[in-house]
Asks: 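To start, I am sharing the structure in question, which I have written as structure tokens.
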Amino acid sequence: MASLQLDIVTPDQLVLSRAVDYVGAPGLEGEFGVLPGHIPFISALAIGALHYKAEGKTRYVFVSGGFAEVSDDKVTILAESAETAENIDFARAEKARKRAEERLAQKNEAVNNIRAESSLRRALVRLNLQGKN
Ligand code: ATP
């Protein structure tokens with residue numbers, strides 16, 4: 001019954017490759033959903049949580065930047081980093097959150113705020129996936 005092929009790839013590894021019924025992904029211009037029969041489409045990805053439905057369950061995958069391509073009932077995610085919710089190291093994300101918050105609190109000229117803000121965003125999205133999947 002599932003009829004979309006979802007592949008999530010990072011520079012390091014193939015994170016996920018499976019048949020699914022639906023994909024919801026964090027596009028730079030907002031969340032978008034893909035059902036079978038979707039028109040061909042490319043979108044840049046934001047830092048966020050992708051979700052998909054398969055075998056009656058919704059599952060979550062952290063994605064950080066990159067692109068999504070949809071064509072011929074295939075959804076290909078090329079992300080800078082990605083982890084399925086069960087593979088997220090929450091202690092590491094908590095440390096990253098603290099580090100980023102400390103950097104932002106310093107208001108130091110030398111601190112690259114944009115970097116610290118995206119680091120914080122990655123940590124918060126990861127932490128938000130605790131208990132999901
Ligand atoms: P950190 O500061 O802890 O490295 P980060 O947000 O800077 O976090 P990324 O640049 O997004 O890390 O990812 C670098 C690599 O580490 C990627 O392969 C990513 O999948 C992995 N990674 C980062 N944080 C986690 C985590 N909390 N759990 C599992 N893998 C992680």
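Remember, it's 1-based here, ligands and their atoms both numbered in the order they're listed. Count residues from 1 along the sequence.
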Asks: Answer whether the closest heavy-atom distance between the side chains of T84 and R59 falls below 4.5 Å.
Replies: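 They are not in side-chain contact.
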Asks: Quick check on contacts: which atoms of ligand 1 are under 4.0 angstrom from a heavy atom of N87?
Replies: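 Answer, ordered by atom number: 29 (C).
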Asks: Might you work through the side chain to side chain contact (heavy atoms under 4.5 Å, CB included) test for R18 and E55, ending with a clear yes or no?
Replies: CA-CA 11 Å; R18 66 173 294 180; E55 292 163 0; 3.7 Å; yes
Asks: Write out the residue and atom name of the closest protein heavy atom to atom 2 (O) of ligand 1, then the distance separating them to 0.1 Å.
Replies: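 Residue, atom and distance for the closest contact: R99 NH2, 2.6 Å.
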Asks: For atom 28 (N) of ligand 1, what is the closest protein heavy atom, and at what distance to 0.1 Å?
Replies: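 I find the closest protein heavy atom is D89 N, 2.8 Å.
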Asks: Just to check, does K95 reach to within less than 4.0 Å of ligand 1 when the distance is taken from its heavy atoms?
Replies: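 No.
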Asks: For atom 16 (O) of ligand 1, grab the closest protein heavy atom and report residue, atom and distance to one decimal in Å.
Replies: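 For atom 16 (O) of ligand 1, the nearest protein heavy atom is R92 NH2, 3.1 Å.
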Asks: What protein heavy atom lies closest to atom 19 (C) of ligand 1? Include the residue and the distance to one decimal.
Replies: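 Going by distance alone, atom 19 (C) of ligand 1 is nearest to E83 OE2, 3.1 Å.
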Asks: What protein heavy atom sits nearest atom 8 (O) of ligand 1, and how far away is it?
Replies: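 Answer, as residue, atom name and distance: R126 NH1, 3.8 Å.
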Asks: Could you say whether the N/O atoms of S119 and ligand 1 ever approach to under 3.5 Å?
Replies: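 In this structure, S119 places no N or O atom under 3.5 Å from an N or O of ligand 1.
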Asks: Can you find a side-chain donor-acceptor pair between S17 and D7 that sits under 3.5 Å?
Replies: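 Looking only at side-chain atoms, D7 and S17 do form a donor-acceptor pair, the distance falling under 3.5 Å.
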Asks: With nothing but distance in play, are any N or O atoms of S64 less than 3.5 Å from an N or O of ligand 1?
Replies: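 No; every N/O pair is 3.5 Å or more apart.
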Asks: Hey, what's the ring geometry for F32 with F41, parallel, tilted or perpendicular (30° and 60° as the breaks)?
Replies: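 Answer is perpendicular, since the angle exceeds 60°.
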Asks: Only counting residues at least two apart or in another chain, list the ones meeting side-chain hydrogen bond (donor to acceptor under 3.5 Å, both in side chains) with R97.
Replies: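 R97 satisfies side-chain hydrogen bond (donor to acceptor under 3.5 Å, both in side chains) with E94, E101 once adjacent residues are dropped.
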Asks: Apply side chain to side chain contact (heavy atoms under 4.5 Å, CB included) to R92 and list each qualifying residue two or more places apart in sequence or on a separate chain.
Replies: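 For R92 the side chain to side chain contact (heavy atoms under 4.5 Å, CB included) partners, ignoring immediate neighbours, are D89.
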Asks: Are Y52 and Y60 close enough that their ring centres sit under 6.0 Å apart?
Replies: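 Y52 vs Y60: aromatic centres not under 6.0 Å.
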Asks: Closer than 4.0 Å to some heavy atom of A93 - which atoms of ligand 1 meet that?
Replies: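 What qualifies from ligand 1 is 27 (N).
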Asks: Using side-chain heavy atoms (C-beta onward) and a distance below 4.5 Å, is I8 in contact with L6?
Replies: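 Yes, side chains in contact.
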Asks: Looking only at protein heavy atoms, identify the closest one to atom 17 (C) of ligand 1 and say how far it is in Å.
Replies: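 Atom 17 (C) of ligand 1 sits closest to the protein heavy atom S81 CB, 3.8 Å.
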Asks: Under the side chain to side chain contact (heavy atoms under 4.5 Å, CB included) criterion, do F67 and L45 qualify, and how do the steps go?
Replies: CA-CA 5 Å; F67 289 89; L45 291 172; 5.7 Å; no
Asks: What is the nearest protein non-hydrogen atom to atom 10 (O) of ligand 1, stated with its residue, atom name and distance?
Replies: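 Looking only at protein heavy atoms, the one closest to atom 10 (O) of ligand 1 is R122 NE, 4.2 Å.
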Asks: Relative to the heavy atoms of D12, which atoms of ligand 1 are at a distance of less than 4.0 Å?
Replies: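 Those of ligand 1 that fall under 4.0 Å from D12 are 18 (O).
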